[in-house]
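For reference, the structure discussed in these notes is given below.
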Amino acid sequence: SIRHPNVVIVYGVDEFDGAVGLWMEFVDGLTLKQSLHQRGVFGAHEAALIGADLCRAVAAVHKAGLVHRDIKAQNVMREAGGRIVLMDFGAGEVRTNQADPLRRPTGTPLYLAPEVLRGQPATVASDIYSVGVLLYHLLTMRYPFEGRSIAEREKAHANQPATPISDLRPDLPAGIVQVIGRALDGD
């Protein structure tokens, strides 16, 4: 139901041989993860442009009453012509504020907001947090909180502050440092 130039068009959901899958628009390009591996960290200007397109995409998702729940470098593509496209809605769900005691975190642990790691429902704020982690990663090839497991990530969130991006990239303009810091703050 989302029609936005920075969101992949999902045509439908089908089941085949017991597996459920989405069928969607073909985007000819590279994921941001592939781009990182090919060329290394992004510059501030390029990351800011990607961030702006991605924020427009996420706003369209939220306006439709959904949360993506798995925003990461593997799920964002740059089309051959330069268009940034948010992909992979397999973890997406209708926004809710209902806590579920049996809820398990869904998404990629390195990108999950602290409240989602604790089992709370994904929200607009948790998607924004994931955008902040993605931008941090594009600019440093690292993550603000690192850990090999969900438990290690939860512990890192609870016991230590994020490594300031300006410590890793002192060359970054104050504006992008502030935007990423605000996204990761979550308040």
Side-chain angles (χ1 to χ4, degrees), residues 1-15 19-39 41-98 105-113 115-116 120-139 143-144 173 175-176 178-187:
S1 65
I2 302 168
R3 293 288 182 255
H4 189 277
N6 300 111
V7 177
V8 69
I9 299 170
V10 177
Y11 297 113
V13 178
D14 284 321
E15 183 177 341
V20 177
L22 303 172
W23 53 286
M24 64 190 77
E25 146 191 36
F26 175 75
V27 178
D28 185 16
L30 296 174
T31 67
L32 295 181
K33 180 179 181 175
Q34 291 169 320
S35 294
L36 269 172
H37 286 293
Q38 283 185 357
R39 54 178 269 215
V41 296
F42 285 66
H45 181 73
E46 186 177 15
L49 293 174
I50 290 168
D53 284 346
L54 192 52
C55 284
R56 284 189 276 275
V58 172
V61 170
H62 295 160
K63 185 176 179 184
L66 304 171
V67 285
H68 188 280
R69 298 192 327 150
D70 200 20
I71 298 167
K72 60 184 178 180
Q74 298 92 315
N75 289 343
V76 179
M77 291 190 73
R78 176 181 277 149
E79 195 172 40
R83 176 176 72 126
I84 297 298
V85 185
L86 180 60
M87 310 284 291
D88 193 352
F89 283 81
E93 69 179 5
V94 174
R95 279 193 340 229
T96 179
N97 291 327
Q98 301 297 328
T106 299
T108 303
L110 289 169
Y111 289 86
L112 290 178
E115 66 274 9
V116 175
Q120 295 174 0
T123 64
V124 169
S126 57
D127 273 354
I128 291 169
Y129 177 91
S130 296
V131 171
V133 172
L134 174 58
L135 293 174
Y136 189 107
H137 186 62
L138 292 178
L139 291 163
Y143 298 95
I176 197 161
Q178 183 180 20
V179 166
I180 292 170
R182 182 73 174 105
L184 297 176
D185 185 31
D187 292 334

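Here the closest heavy-atom approach between residue L30 and residue S35 is recorded as CB-OG, 3.9 Å. Taking both residues in full, the closest heavy atoms of G132 and A183 are given as CA-CB, 3.7 Å, listed atom of the first, atom of the second, then distance. Residues Y136 and Y143 share a closest heavy-atom pair of CE2-C, 3.4 Å.
Residues satisfying the salt bridge (charged side-chain N to carboxylate O under 4.0 Å, His left out) criterion with R3, sequence neighbours excluded, are absent altogether. Applying the side-chain contact (heavy atoms from CB on, under 4.5 Å) rule to Q178 yields no partners; only residues at least two apart in sequence or on another chain are considered.
For the atom pair SG (C55) and NE2 (H62), the distance works out to 10.0 Å, reported to the nearest 0.5 Å. D28 contributes atom CG, which lies 11.0 Å from atom CZ of R83 (distance to the nearest 0.5 angstrom). L32 CG to M77 CE: the interatomic distance, rounded to the nearest 0.5 Å, is 9.0 Å. The distance from atom CD1 of I50 to atom CZ of F42, rounded to the nearest 0.5 Å, is 4.5 Å. Residue L86 holds its CG atom at 9.0 Å from CG of N6, rounded to the nearest 0.5 Å. Atom CD1 of I176 sits about 5.0 Å away from atom CG of L139, to the nearest 0.5 Å.
For the side-chain contact (heavy atoms from CB on, under 4.5 Å) with V131, the lone residue among V133, L135, L134 that qualifies is L135.
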Query raised in the report: When you look at R78 and I84, which way does the side-chain contact (heavy atoms from CB on, under 4.5 Å) test go after all the steps?
Result: CA-CA 5 Å; R78 176 181 277 149; I84 297 298; 3.9 Å; yes

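The backbone N or O of H68 lies less than 3.5 Å from a partner atom in the side chain of D127, making a donor-acceptor pair.
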